[in-house]
Engineer: 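Have a look at this one before I ask anything.
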Amino acid sequence: MTFYVSTPIYYVNARPHLGHAYTTIVADVVRRFQSMRDSQTYFLTGTDEHGDKVVQAAQKQGVSPRVYVDQISRLFRDLWPELNVRPDRFIRTTDSDHMAVVTEVLRKIHAAGDIYFSEYEGLYCFGCERFYAERELQEGRCPIHESEPELIRESNYFFRMSRYQGWLIDHLQSHPDFIRPERYRNEVLAFLREPLGDLCISRPKTRLTWGIPLPFDEAYVTYVWFDALLNYVSALGYPDGELFHRFWPAAQHIVAKDILKPHGIYWPCMLKAAGIPVYRHLNVHGYWNIEQRKMSKSLGNVIEPLEMRNVYGLDAFRYFLIREMTFGLDANFSESAMVQRINADLANDLGNLFSRVLSMTHKYFDGAVPELDPEVGRQYGLGLGPDARRTVDEYERAMEAFELHKALAAVWEFIGRMNRAIDIAAPWELAKKPATRKQLEAVIHSLLKGLRLISGLIYPVMPDTAARMQTHLGLDPEALYYALRDLRLWKPVPSGTRLPKTVMLFPRIEAAGEPAGASPAPPAAERGPETKPEATLEDFQRIDLRVATVLSAEPVPKAKKLLKLEVDLGERRTIVSGIAAHYTPEALVGRQVVIIANLRPVKLMGVVSQGMLLTAESEDGPVLILPEKPVAPGSGLR
Ligand code: ME8
C-alpha cells in the first residue's frame with residue numbers, strides 16, 4: 001500500500017504559528033499511522049513564495065523578495081523537526097523543478113485550448129490573492145480578512161474552469177468521500193449549484209513581477225494559486241518521476257476551511273484539464289480560535305508553537321491539538337484547557353496507570369515480568385482481550401477516516417477500562433496471601449500486555465512517549481513495536497523481561513501555565529498586543545480623521561449588525577457601521593463621533609458607506625471614540 005499526504009504550502013508573509021503547526025502535525029500523525037500499517041509513505045510540506053502578499057511583506061522589511069522568502073521559508077523548514085515532524089520533501093515554489101512543471105502544465109492547458117485572453121473587472125482581496133463574487137462577501141468584506149476587496153480591471157489570461165463544472169459535480173456525487181468531512185463536500189456542491197466562472201490565472205508584469213512567467217506571454221506572470229497548487233505534483237517529479245507514478249494515485253491533501261475553494265474546485269479542474277487523475281481525498285479541518293477569539297497579529301494572540309512545546313512538552317502539546325479539535329470543526333485553544341487535558345488525560349489516566357503497573361511489578365515481582373500459566377491466565381486474567389480488539393478496530397477506522405480525536409478517545413476508553421480493572425482486581429489484596437499468587441501473576445501480566453498495546457497506539461501522536469513506555473516495558477528500543485498487525489495479536493511482554501525503575505511520564509501541572517518545577521512563561525493572553533510595524537507621520541497624515549455629528553441613525557434591513565448613519569462633517573455623509581448589536585439608533589443621534597473621512601466608499605447591503613466610525617476593541621464589543629467636549633463638525637484630528 002502507498003500513502004501520500006500533503007499540507008498546504010504556507011505563505012511566507014508571516015512566521016509559523018499554531019494553525020500551521022496543527023495541520024503539519026496532523027499530516028505527521030496520519031503518516032506515522034500509515035507506516036504502522038506497513039504502507040509506503042510520502043509526506044510533503046513547504047512554502048508558497050510568489051505573489052503580491054509576499055512582495056508587500058518584503059517591502060515592509062525593506063529587503064528584496066528573494067532575501068525575504070529565503071529568510072521566512074527557513075523558519076518553517078527549521079520548525080518541523082523541532083515538533084518531531086519529518087517531511088520527505090520541503091518544497092518551495094521558487095525551486096527550479098517546481099517552476100519548470102508550472103510552465104509545462106500551462107503550456108499543455110494552453111495548447112488544449114483551455115486558456116484564453118480577455119478583459120476583466122472584479123473585486124479582489126489581496127489577503128486571499130483572489131477575486132470574489134459579490135455573493136461571497138460578508139457585508140461587502142472578505143469573509144477571511146474582513147477587509148474590503150478592491151475593484152480591479154485589467155486584461156488577463158483565463159482558465160476555462162467553467163467547462164469542468166459538470167464533471168466535478170459528477171465526481172463529487174460518485175465519490176462521496178472525495179472531500180471530507182461531509183459538511184465541506186456539501187459546501188462545495190452548494191457553490192457548484194451556481195454557474196462556475198472561469199479562473200483568472202495571470203497577473204500583468206506591470207503590477208507584479210515576482211512570479212513564474214507565462215510561457216506564451218512574457219508580459220504576464222502566473223497567478224499565485226495556479227502556481228502553488230501544482231506543488232503537489234511537481235514535488236513528485238510530474239510527469240515522469242518514479243515518485244509520481246508510485247505516490248500520486250494515493251494522494252490525500254490536508255487543508256483548513258479557508259482554502260477549501262481552491263482545493264475543492266480549482267485544483268480538481270486544473271488536474272482534469274491537464275489530463276492528470278484527481279487526488280483521492282481532500283481532508284478539511286476547522287480553525288483554531290484563541291480564547292474564543294480569532295487568532296490575529298493585531299489582537300496579539302498569535303500562539304507560537306515552540307513556546308508551547310517549551311512550556312508544556314512536545315508530546316503533551318501534540319496530544320492536546322489532536323484530542324481537542326474535532327477534525328472538521330473549529331476549536332478553541334487556551335492554556336487552561338491544555339493544562340486540564342494534560343492533568344486529566346496524561347498525568348492521571350495514562351501516567352498513573354503506567355506508574356501503578358510498573359511499581360507493582362517491582363514491588364511484587366522484583367521488576368521481572370511474571371511467568372504465566374495459560375490456564376490461570378484464562379481463569380484470572382482481566383478479560384481485556386475483547387476490549388483490546390475493539391479498541392484497535394475503532395482506532396484504525398477513525399484514523400483512516402481522519403477522525404483523529406475519536407481514535408484517541410478509543411485509546412483513552414481502554415486506559416479507563418484498565419484503571420477500573422485494577423481497582424476491581426485489587427492486586428494489593430492478592431499480594432497478601434500465597435494462595436492468590438498465581439492470580440496476581442495473571443493480573444500483572446495482563447496489565448503489562450495492555451500497556452504494550454497502548455504504547456503502540458499512541459505512537460503517531462506521541463512518538464517520544466511511545467518509545468519511553470516501550471523502553472520501560474523492557475522492549476528493545478531499536479525495534480519498532482508499532483506495527484498494527486502485531487498490536488492486533490495482543491502480545492504479552494515476554495515473561496522474565498526485567499523492567500527498569502519506573503518513570504513519571506507526565507508530571508501534573510500545578511496551575512495554568514505553570515508546570516511543576518519549571519519556570520513558567522507568561523500565558524499568551526498576558527503578553528499584551530504586538531504593535532504594528534513602524535509608520536511615518538506622512539503615513540498617519542494620509543488618513544483623514546474628522547469629528548462628525550450624528551444627525552440620524554436607523555437599522556439596515558436584513559443586516560443585524562449594521563446601522564446607517566447620516567452625519568454632518570461640514571457636509572452630509574452616509575456611513576454604515578457594524579455597531580448595531582452594541583448601540584441603539586437613539587443612543588447615537590446628536591452625538592459627536594470620530595470617522596475616517598477619506599476611506600474609499602464601499603457598498604454594504606445595498607447602501608454606499610462614505611467613511612468609517614472609529615471604535616476601540618473591547619471584550620464586550622466595539623466602544624465609540626468620542627471627543628472630550630463638543631467641537632465644530634468636520635474638525636480634523638492630529
Ligand atoms: O493559504 N487554525 O497559506 P497560509 C487552523 N499559501 N489552521 C490554520 C489557522 C487556524 N487559525 N490559520 C492557518 C495559504 N492555518 C496558501 C496555500 S496550498 C497550494 C497554498 C493553516 O499560510 C491551515 O492549514 O495562509 C490553513 O489552510 C493554512 O494554514 C493557510 O496557510
Side-chain angles (χ1 to χ4, degrees), residues 5-28 30 44-54 57 69 72-73 75-76 79-80 85 90-95 98 101-102 105 125-130 142 144-145 184 211-212 222-235 251-268 270-271 279 282-297 299 301-305 321-322 324-334 402 404 524:
V5 68
S6 70
T7 72
I9 46 171
Y10 304 111
Y11 283 129
V12 288
N13 64 337
R15 297 169 55 80
H17 60 58
L18 176 77
H20 307 123
Y22 173 72
T23 316
T24 315
I25 288 173
V26 167
D28 181 67
V30 294
L44 176 71
T45 189
T47 42
D48 187 355
E49 305 189 359
H50 290 125
D52 289 314
K53 258 214 259 240
V54 171
V69 298
I72 309 284
S73 178
L75 294 179
F76 281 89
L79 173 62
W80 305 134
V85 168
F90 185 91
I91 192 171
R92 305 178 55 184
T93 52
T94 49
D95 287 343
H98 168 76
V101 168
V102 173
V105 170
C125 170
F126 280 89
C128 298
E129 308 237 22
R130 76 168 175 95
C142 160
I144 310 284
H145 296 90
Y184 296 110
I212 302 175
T222 312
Y223 169 46
V224 64
W225 270 105
F226 198 93
D227 160 359
L229 286 161
L230 284 165
N231 92 89
Y232 300 132
V233 294
S234 67
Q252 299 212 25
H253 303 306
I254 307 175
V255 299
K257 62 183 187 180
D258 56 334
I259 49 177
L260 172 62
K261 192 174 167 191
H263 285 83
I265 297 181
Y266 306 173
W267 181 223
M270 285 167 62
L271 286 166
Y279 56 78
L282 176 64
N283 304 286
V284 187
H285 64 78
Y287 248 44
W288 281 102
N289 294 319
I290 313 300
E291 312 267 357
Q292 318 288 352
R293 306 181 76 180
K294 201 176 158 148
M295 178 164 54
S296 82
K297 241 183 171 173
L299 289 176
N301 62 358
V302 174
I303 302 285
E304 292 261 353
L321 294 184
I322 301 299
E324 188 75 6
M325 179 173 262
T326 298
F327 193 92
L329 301 180
D330 289 354
N332 190 45
F333 185 94
S334 75
F402 268 77
L404 309 183

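Counting starts at 1 for both ligands and their atoms, following the listed order. What you see is a predicted model; the values in this text were computed from it and never measured.
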Engineer: With no hydrogens and no angle check, is any side-chain donor or acceptor of Asn301 less than 3.5 Å from a backbone partner on Glu291?
Structural biologist: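 Side chain of Asn301 to backbone of Glu291, a donor-acceptor pair under 3.5 Å: no, none is there.
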Engineer: Compare every heavy atom of Ala14 with every heavy atom of Phe76, then report the nearest pair and how far apart it is.
Structural biologist: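 Phe76 and Ala14 have their closest heavy atoms at CE1-O, 3.4 Å.
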Engineer: What are the two closest non-hydrogen atoms of His98 and Ser234, and how far apart are they?
Structural biologist: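 Heavy-atom minimum between the residues: ND1-OG, 2.7 Å.
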Engineer: Mind checking whether Leu44 and Thr7 have side chains closer than 4.5 Å, heavy atoms only?
Structural biologist: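 They are not in contact (no side-chain heavy atoms under 4.5 Å apart), so the answer is no.
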Engineer: Just checking, is any N or O donor in the side chain of Asp48 or Tyr10 under 3.5 Å from an acceptor N or O on the other one?
Structural biologist: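 No.
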Engineer: Apply salt bridge (charged side-chain N to carboxylate O under 4.0 Å, His left out) to Arg92 and list each qualifying residue two or more places apart in sequence or on a separate chain.
Structural biologist: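 Partners of Arg92 by the salt bridge (charged side-chain N to carboxylate O under 4.0 Å, His left out) criterion, ordered by chain and then number, come out as Glu49, Asp70.
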Engineer: Ligand 1: which protein N/O atoms lie under 3.5 Å from its N/O atoms?
Structural biologist:
unit_1: ligand 1; atom_1: 2 (N); unit_2: Trp288; atom_2: N; d: 2.9
unit_1: ligand 1; atom_1: 6 (N); unit_2: Ile9; atom_2: O; d: 2.8
unit_1: ligand 1; atom_1: 6 (N); unit_2: Asp48; atom_2: OD2; d: 2.7
unit_1: ligand 1; atom_1: 11 (N); unit_2: Trp288; atom_2: O; d: 3.2
unit_1: ligand 1; atom_1: 22 (O); unit_2: Tyr11; atom_2: N; d: 3.0
unit_1: ligand 1; atom_1: 24 (O); unit_2: Thr23; atom_2: OG1; d: 2.7
unit_1: ligand 1; atom_1: 27 (O); unit_2: Ala256; atom_2: N; d: 3.1
unit_1: ligand 1; atom_1: 27 (O); unit_2: Asp258; atom_2: OD1; d: 2.8

